[in-house]
Amino acid sequence: MSLASGPGLGGSSPDMLWADKHVEYIVSLDKRDDEYEYWLTEHLRLNGVFWGLHALHILGHPTALPRDDLIRFTMSCWDASSGGFGAAPDHDPHMLYTCSAVQILVMVDGVSVLDEPAEPGSSETKRMRVAHFISSLQDRETGTFHGDKYGEPDTRFLYNALNSLSLLGKLNLVDVPLAVKYIDSCSNADGGYGTVPGAESHSGQIFVCLAALSIAGVLDQRLKDDSKWADRLGGWLSERQISTGKGYGGLNGRPEKEEDVCYAWWVGTSLVMLQRSHWIDRPALRKFILSCQDGEHGGISDRPGHAVDVFHTHFGIVGLSLLEWSENKDGEASEPLGLEEVDPVYCMPRSITKALSRTG
Amino acid sequence: MGKYADSPEWADVVPISQQEHMPAPLAQIAYTDEYAEAMSYLRATMASNELSERVLALTEDIIRLNPSHYTVWLYRFRTLSALPTASLTTELTTFLNPLSLRHLKNYQIWHHRQLLVSAIGSYEGEAEFLVDMFAKDAKNYHVWSYRQWLVRHFKLFHSASELAFTEQLIGEDVRNNSAWNHRWHVNFADGDGLSDSGLVAKELEYAMGKIELAAQNESAWNYLRGLLAKGAGVEESKVVQFAVKYAGLDGGEVKSTHALDLLASIYGKDPAKKESAVQALELLADKYDPIRAPYWRYRLAMVNSGVAAS
């Protein structure tokens with residue numbers, strides 16, 4: 001999956017979704033391995049596969065990439081000795097890619113490959129080894145998680161851990177209440193969250209903290225008990241929508257920063273989890289995302305006139321799904337784009353996470 | 001043939017190429033020849049866990065070709081730590097500083113720096129270097145996170161030079177939310193600051209002074225609201241007196257939606273001021289901030305039902 005940007009520029013008419021073009025664009029990325037940028041972005045390869053595959057699911061083309069190749073590539077990034085996945089074969093294992101790997105395997109209904117022995121003759125399964133890799137990265141004093149055994153802590157990694165462990169059915173391996181306590185310690189005076197205590201509020205970090213609270217099973221109760229908190233945070237998130245100028249309708253990630261398509265997800269899903277997504281102008285946000293499409297070659301860019309890439313294509317598509325489905329739930333009519341529903345907590349197709357919760 | 005294959009220094013190492021090592025049909029990785037060769041020697045030295053001078057040179061080569069390769073950074077730090085001759089300060093000033101200025105979005109660099117500065121045990125020269133970094137991007141999240149780490153690690157809370165630094169950056173761009181956040185961190189993150197009513201009053205004056213420069217600046221209003229919500233001894237009437245200058249009700253001039261928002265919050269708690277709160281929120285929903293109209297209407301409903309919104 002190439003993470004190189006282009007060739008096209010976003011800047012399409014804001015009235016329609018070029019779904020088929022986006023499918024073609026994503027599938028073509030798999031064949032663009034002869035470019036300089038391709039290996040420069042090697043450290044994101046497994047994430048790139050996740051973004052491409054998930055966008056295809058939401059676009060209604062879940063089988064557009066070959067399933068066997070996806071499983072083979074994902075497992076080629078696995079490091080048997082540690083139990084974690086790297087971004088690409090031979091890369092050090094890391095939380096980010098381990099989470100992407102588990103999500104990919106679940107999406108292609110291939111997670112059973114992890115039920116094989118970790119090594120021939122071993123009584124331990126690959127699943128257990130992956131779960132132990134993730135749980136070993138929890139700081140047992142503070143509750144947060146590191147990205148790898150040398151690296152810095154980040155609430156992003158805490159979310160990755162809870163997400164992937166719950167998908168594996170192994171959440172019991174970590175101290176969830178301590179993780180919740182850590183998230184609370186990252187809460188700022190403006191209601192938002194950062195990477196570590198005291199770090200600036202950022203809507204990407206707000207997403208990971210709220211989603212982690214949800215997986216930990218405490219979000220619903222908090223929304224009932226502390227509506228003032230949800231109001232303040234929802235108000236801060238609503239302020240992210242740009243109300244003047246050419247970015248009108250788009251969202252930024254922090255106060256006084258520029259708009260970017262990817263915040264349609266980070267801000268949008270946080271508002272959905274807080275049950276306050278109707279506080280922003282959803283039709284204006286939809287128009288902004290659609291205006292970042294390349295209607296000719298497919299793909300979505302960060303803002304109109306910029307080069308498209310798989311990261312923004314993914315977050316644009318899931319952002320549109322979020323808008324469509326949240327509007328439906330609120331009984332607000334919008335032109336249907338025909339997208340599959342995305343799960344706001346897991347960032348995966350709702351149909352798949354629903355099936356998991358039935359069996360799990 | 002290549003730089004390493006031709007070098008007598010590397011003659012004892014058998015490189016491990018990617019193809020031999022692992023087939024990867026989807027997302028096969030295409031390298032330039034130079035990078036592919038260096039990587040094949042890296043795989044070999046990592047496999048034998050070699051920690052040597054030549055590994056430092058090799059990792060430097062690879063980092064220059066691809067600074068986002070997180071594996072190689074970790075290996076480099078391990079090697080530096082194992083070599084008695086390696087100078088961590090030189091690593092910082094001659095290798096890492098110029099590289100950081102070229103690769104602004106890279107976060108491996110900042111983690112490497114944290115490990116080095118931690119091991120050196122001094123932050124001498126760091127403030128000077130960060131001035132250059134912020135000159136490139138004054139809102140860079142990695143660099144600010146690193147600076148907050150310095151404050152925590154070396155206990156620089158309430159440090160005059162840290163505060164002067166935030167003052168300088170806010171002076172250059174009063175909308176720099178990262179600088180405002182850092183100011184909050186230095187003043188209040190150690191836990192004592194918010195109960196010091198003298199400090200809170202001083203910071204309130206500071207925020208008001210900055211709002212006078214740009215009435216619609218969300219960062220300064222958020223700072224002020226944080227003080228109001230959490231600081232000791234804030235006189236609410238003084239804040240109201242200030243905010244009405246930017247949000248005249250009863251047909252007066254409105255220069256800031258944030259001022260209207262703040263007045264609505266304060267008035268909303270006082271049943272005698274309910275009408276003013278309603279007026280402020282209606283102005284936001286209908287006239288000054290209609291893009292968030294459902295939010296303002298929600299707040300309106302809260303005020304009307306007698307539940308004070310914060």
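Per chain, numbering begins at 1; letters A, B, ... match sequence-line order.
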Proximity breakdown for B:K139 and chain A, heavy-atom pairs closer than 4.5 Å: both
Nearest-0.5 Å distance that lies between atom OH in B:Y295 and atom CG in B:L281: 8.5 Å
Of A:L237, A:L251, A:L233, A:I206, the residue whose pairing with A:L271 passes side-chain contact (heavy atoms from CB on, under 4.5 Å):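 The side-chain contact (heavy atoms from CB on, under 4.5 Å) with A:L271 is passed solely by A:L237 among A:L237, A:L251, A:L233, A:I206.
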Top contributor to chain A contacts, counting heavy-atom pairs under 4.5 Å, from B:Q148, B:Q114, B:H112: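 Looking at each option in turn, the highest pair count goes to B:Q148.
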Which atoms of B:Y107 approach chain A - backbone, side chain, both or neither, heavy atom under 4.5 Å: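 For B:Y107, the contact with chain A is made by the side chain alone.
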B:E34: partners by side chain to side chain donor-acceptor pair (under 3.5 Å), with sequence neighbours left out: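 Partners of B:E34 by the side chain to side chain donor-acceptor pair (under 3.5 Å) criterion come out as none, since no residue qualifies.
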Contacting region of B:W180 [heavy-atom separation from chain A under 4.5 Å]: neither
Pairwise distance CD1(B:I291) to OG(A:S238) - rounded to 0.5 angstrom: 10.5 Å
B:W184 portion near chain A, given a 4.5 angstrom heavy-atom threshold: side chain
Qualifying residues under side chain to side chain donor-acceptor pair (under 3.5 Å), relative to A:D148, sequence neighbours excluded: none
Between A:R254, A:R276, A:K257, A:E239, the one whose heavy-atom pairs under 4.5 Å with chain B are most numerous: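 Looking at each of A:R254, A:R276, A:K257, A:E239 in turn, A:E239 comes out on top.
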Those residues that, when tested against B:D61, pass salt bridge (Lys or Arg N to Asp or Glu O under 4.0 Å) (two or more places apart): B:K3
Donor-acceptor side-chain pairing of B:Y35 and B:N66 below 3.5 angstrom: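 The answer is yes; a qualifying pair exists.
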Residues of residues 213-222 of chain B within contact distance of chain A, non-hydrogen under 4.5 Å: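 B:Q216, B:N217, B:E218, B:S219, B:N222 fall under the 4.5 Å cut-off.
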Side chain / backbone / both / neither for B:R297 at chain A, heavy atoms under 4.5 Å: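 Neither the backbone nor the side chain of B:R297 comes within 4.5 Å of chain A.
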Contact origin within B:H258 toward chain A - heavy atom pairs under 4.5 Å: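 It is the side chain, since no backbone atom gets that close.
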Under 4.5 Å from any heavy atom of chain A - which part of B:S178: both
Between A:D231 and B:Y298, a side-chain donor and acceptor under 3.5 Å: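 Side-chain D/A pair, A:D231 to B:Y298: present.
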Presence of salt bridge, B:R299 and B:D261, under 4.0 angstrom: yes
Exercise: do A:N47 and A:S100 side chains pair donor with acceptor under 3.5 Å: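 Judged by distance alone, the side chains do pair up.
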